[in-house]
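As a basis for the values below, the full set of heavy atoms in this structure was taken, side chains included, without hydrogen atoms, waters or symmetry mates. These numbers come from a predicted model, not from an experiment.
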Amino acid sequence: MRRTLRMIVAILSVVVIVFCLAFFAVRLGGAKTTGERSAGAEYSILRNALISIQTGNDLGDELLRNRLLALYKGSDRLLAAQITDSTGLTLWKIPADSAYFARTGDPAGLS
C-alpha cells in the first residue's frame with residue numbers, strides 16, 4: 001500500500017511539474033506575441049507619419065521632425081528608428097548613437 005501511494009505521489013508530482021512548465025511556456029509565448037503586435041502597431045504609426053515625405057529635404061521640416069520624435073518617444077517597444085534613401089544612405093535616425101544601427105562599412109550590417 002505504501003509503495004503504491006509513493007508511486008502515485010511521484011507520478012502526480014511529475015505531472016504537476018510538467019503542467020507548470022507548459023503553462024509558463026504558453027504564457028511566455030503569449031506575452032511575446034502581444035509585444036510583437038504592439039511593436040508592429042507602433043511601427044505602423046511611425047511609418048504612416050512618413051508617407052508625406054517625398055524628398056530628403058522634407059526631413060528638414062522642424063514640425064515633422066518633432067512629430068517623429070514624439071511618436072518614437074511615445075513608444076515603449078521601438079528600440080531605434082532610421083530613415084534611409086534609395087541608395088541606403090541614412091537621412092535621419094533616432095537615437096543617433098544607438099547600437100542597433102550598423103556601422104559604416106560593416107559587412108555584418110548589410111542586408
Side-chain angles (χ1 to χ4, degrees):
M1 181 69 177
R2 282 190 145 181
R3 186 174 181 165
T4 305
L5 184 60
R6 284 183 192 164
M7 185 68 92
I8 291 173
V9 169
I11 291 172
L12 287 176
S13 297
V14 170
V15 168
V16 167
I17 290 171
V18 168
F19 175 76
C20 289
L21 290 175
F23 181 73
F24 177 74
V26 168
R27 295 285 293 190
L28 186 63
K32 180 181 176 241
T33 302
T34 302
E36 287 173 349
R37 281 191 199 133
S38 297
E42 291 171 356
Y43 169 76
S44 294
I45 291 169
L46 188 61
R47 187 187 66 225
N48 290 339
L50 298 172
I51 289 176
S52 64
I53 295 177
Q54 298 297 320
T55 66
N57 295 335
D58 293 343
L59 285 172
D61 182 20
E62 193 65 31
L63 181 63
L64 178 64
R65 287 177 152 254
N66 288 340
R67 182 174 177 215
L68 294 174
L69 185 62
L71 288 171
Y72 172 77
K73 286 186 175 180
S75 169
D76 293 333
R77 293 170 184 83
L78 293 178
L79 300 174
Q82 180 175 5
I83 299 172
T84 58
D85 63 5
S86 60
T87 62
L89 293 174
T90 301
L91 300 175
W92 183 77
K93 61 183 177 180
I94 184 167
D97 58 346
S98 176
Y100 295 101
F101 298 125
R103 305 281 186 254
T104 305
D106 183 10
L110 300 176
S111 59

The complete set of salt bridge (Lys or Arg N to Asp or Glu O under 4.0 Å) pairs with one or both residues in residues 9-23, sequence neighbours excluded, reads none

Would Met7 and Val15 show up in the same hydrophobic cluster when neighbours are defined by side-chain heavy atoms closer than 4.5 Å? yes

Could you work out, with side chain to side chain contact (heavy atoms under 4.5 Å, CB included) as the rule, every residue matching Arg37, not counting sequence neighbours? Thr33

Using the side chain to side chain contact (heavy atoms under 4.5 Å, CB included) criterion, which residues pair with Leu64? Sequence neighbours excluded. Ile53, Leu59, Asp61, Leu68

